[in-house]
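See structure below.
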Amino acid sequence: MSEYVETARRVIRCEAQGLSEIEAALDGPLAGPFEAAVRLILEATGRVIVSGMGKSGHVGRKIAATLASTGTPAQFVHPAEASHGDLGMVTKGDVALVLSNSGETPEIADIVAHTRRFSIPLIGVAGREGSTLLRQSDVALLLPKAAEACGTGIVPTTSTTMTLALGDALAVALMEHRRFTPEHFRTFHPGGKLGARLARVGDLMHEDMPLVAQDAPMAEALLTISRKGFGVTGVTDGDGRLVGIITDGDLRRHMQGLLDHTAGEVMTRSPRTIAPDALAEAALAQMQDSKITSLFAVQGDRPRGILHIHDCLRAGMV
């Protein structure tokens with residue numbers, strides 16, 4: 001094993017130990033403050049204003065983004081910019097979440113003072129007990145003592161990992177309390193593969209469907225298949241219920257005297273279908289498992305749309 005890999009393993013072990021320490025603290029002295037922080041955020045009528053300097057600032061940006069994408073309005077405010085006008089972004093109704101491993105970072109002084117002046121609730125996260133930040137905070141989240149992975153205690157490594165994990169824990173606790181659903185999540189993630197995976201069938205399906213009546217001649221069915229471009233047509237009964245589907249396989253099986261048949265005589269009965277409110281990812285999985293390219297969306301036995309595998313590909317699901 002190379003010295004580089006051994007260093008990497010040592011760093012991972014060190015940071016993992018830090019995470020174990022913070023988990024243990026949540027079963028002890030950190031439990032009460034953590035619950036108080038969650039309640040404070042839930043009671044807020046405004047946003048969570050996250051702030052921190054340096055590495056804590058980078059972690060803060062991620063925490064703010066995670067909160068905002070999981071149903072808790074949040075915004076990162078740089079403490080230096082706050083001192084030059086951005087304090088106006090921090091108003092009554094907000095909750096400030098300020099990060100500083102030492103709890104003594106000079107740049108956070110103005111934003112901390114602003115919260116005290118205007119009675120804005122302050123949640124402080126720091127690794128030094130009795131630090132200015134934690135003493136000034138309404139809720140003090142003290143990180144447990146843990147060695148930095150650099151070995152010198154200089155480079156923020158384990159401490160930032162613990163802070164990030166604590167921010168994720170806050171976000172998920174709030175998300176679960178708010179009963180945040182995949183549909184809510186998709187609202188904040190409309191783009192990319194993540195948004196595509198959370199799309200509903202109804203978001204991607206075509207409502208202009210290839211459909212013929214059960215007693216329609218096959219000449220009409222062939223025209224419908226050709227005109228709509230899905231390579232299939234659905235077959236409905238007199239009440240408009242989907243009772244079958246005609247695919248290229250059905251056409252091959254009835255090639256002899258095909259035009260002498262009706263759609264009902266050629267169709268495959270009880271075709272695979274899916275609900276319009278099902279996840280499009282589930283529809284894609286069903287098409288791949290069944291080796292088919294189209295799937296009718298059905299509600300109350302009646303067709304509401306058709307989804308082609310190419311719709312899933314265009315949406316970036318694969």
Side-chain angles (χ1 to χ4, degrees), residues 15 18 22 30 33-34 36-38 40-41 43-146 148-150 152-171 174 188:
E15 297 199 8
I22 199 167
L30 195 54
F34 184 85
V38 172
L40 206 57
I41 294 172
E43 291 167 2
T45 56
R47 299 159 301 164
V48 178
I49 303 298
V50 186
S51 191
M53 191 69 189
K55 305 297 186 297
S56 293
H58 293 303
V59 171
R61 289 181 188 276
K62 192 275 180 186
I63 292 173
T66 301
L67 288 168
S69 68
T70 52
T72 299
Q75 178 181 346
F76 178 81
V77 174
H78 194 286
E81 297 295 338
S83 299
H84 293 274
D86 283 2
L87 281 176
M89 298 179 181
V90 190
T91 62
K92 284 187 178 294
D94 292 338
V95 173
L97 175 62
V98 178
L99 319 175
S100 169
N101 188 44
S102 69
E104 302 292 349
T105 308
E107 290 86 354
I108 67 171
D110 286 340
I111 195 167
V112 169
H114 181 78
T115 65
R116 304 303 78 195
R117 179 182 178 187
F118 294 101
S119 300
I120 297 168
L122 172 62
I123 302 168
V125 180
R128 185 180 298 173
E129 190 172 7
S131 61
T132 301
L133 173 60
L134 295 187
R135 284 189 286 105
Q136 292 292 330
S137 297
D138 297 293
V139 175
L141 298 177
L142 174 64
L143 298 174
K145 292 186 182 301
E148 298 289 10
C150 63
T152 64
I154 296 173
V155 182
T157 46
T158 307
S159 58
T160 50
T161 299
M162 290 193 298
T163 303
L164 185 60
L166 188 60
D168 286 342
L170 275 172
L174 291 161
F188 301 120

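- Annotation for Ala44 and Val95: closest pair CB-CG2, 3.5 Å, computed over non-hydrogen atoms.
- Screening Val48, Thr45, Ile49 for a side chain to side chain contact (heavy atoms under 4.5 Å, CB included) with Asp94, the sole residue that qualifies is Ile49.
- For Arg116 (side chain) and Gln136 (main-chain N/O), a donor-acceptor pair under 3.5 Å exists by modelled atom type.
- Separation of atoms OG1 (Thr157) and CD (Glu148) is listed at 4.0 Å; rounding is to 0.5 Å.
- Within the model, atoms CG of Leu164 and CG of Asp168 stand 5.0 Å from one another, a figure rounded to the nearest 0.5 Å.
- Distance check: Thr115 OG1 to Leu122 CG gives 4.5 Å after rounding to the nearest 0.5 Å.
- Proximity of a side-chain donor or acceptor of Ser102 to a complementary backbone N or O of Glu104 within less than 3.5 Å is detected.
- Between Arg61 and Gln75, the closest side-chain pair of non-hydrogen atoms is not below 4.5 Å.
- The closest donor-acceptor contact from the side chain of Ser159 to the backbone of Pro156 lies at 3.5 Å or more, if one exists at all.
- A pairwise comparison of heavy atoms in Ala64 and Val50 identifies CB-CG2, 3.8 Å as the closest pair.
- In the model, Glu15 has a side-chain atom that pairs as donor or acceptor with a side-chain atom of Thr161 under 3.5 Å.
- Distance alone, capped at 3.5 Å, is enough to place a donor-acceptor pair between the Ser51 side chain and the Val77 backbone.
- To the nearest 0.5 Å, the span separating OG1 on Thr132 from CD1 on Ile108 amounts to 8.0 Å.
- Without hydrogens or angle criteria, Ser83 side chain to Pro79 main chain gives a donor-acceptor distance under 3.5 Å.
- Phe118 and His114 have tilted rings, their planes meeting at an angle from 30° to 60° on a 0 to 90° scale.
- Taking all atoms of both residues into account, the shortest heavy-atom contact from Thr158 to Gly18 is CG2-CA, 3.8 Å.
- Rounding to the nearest 0.5 Å places OG1 of Thr70 at 10.5 Å from CG of Leu170.
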Self-check item: CA sep, side-chain torsions, deciding dist, call: Val125, Val98, side chain to side chain contact (heavy atoms under 4.5 Å, CB included)
Solution: CA-CA 6 Å; Val125 180; Val98 178; over 6 Å; no

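- For Met162 against Ile22, the heavy-atom pair with the smallest separation is O-CD1, 3.7 Å.
- The nearest pair of heavy atoms linking Gly88 to Thr91 is O-CG2, 3.5 Å.
- Without hydrogens or angle criteria, Thr66 side chain to Lys62 main chain gives a donor-acceptor distance under 3.5 Å.
- No side-chain heavy atom of Arg128 sits under 4.5 Å from any side-chain heavy atom of Leu134.
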Quiz prompt | Candidate pair Leu99 and His58, rule side chain to side chain contact (heavy atoms under 4.5 Å, CB included), full reasoning | solution = CA-CA 10 Å; Leu99 319 175; His58 293 303; over 6 Å; no

Quiz prompt | Step-by-step salt bridge (Lys or Arg N to Asp or Glu O under 4.0 Å) determination, Arg117 to Asp110 | solution = CA-CA 10 Å; Arg117 179 182 178 187; Asp110 286 340; over 6 Å; no

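- By the 4.5 Å heavy-atom criterion applied to side chains, Asp138 and Ile123 are not counted as neighbours.
- Under a 3.5 Å cut-off, the side chain of Arg135 and the backbone N or O of Gly130 do form a donor-acceptor pair.
- Contact detail for Gly127 and Leu142: the closest heavy-atom pair is C-CD1, 3.8 Å.
- Listed for the Ser100 side chain is a donor-acceptor partner under 3.5 Å among the backbone atoms of Gly103.
- Remark: Met89 CE to Arg47 CZ distance equals 8.0 Å, nearest 0.5 Å.
- Looking only at side-chain heavy atoms (C-beta outward), Asn101 and Thr163 stay at 4.5 Å or farther from each other.
- The closest side-chain heavy-atom distance from Phe34 to Leu166 is below 4.5 Å.
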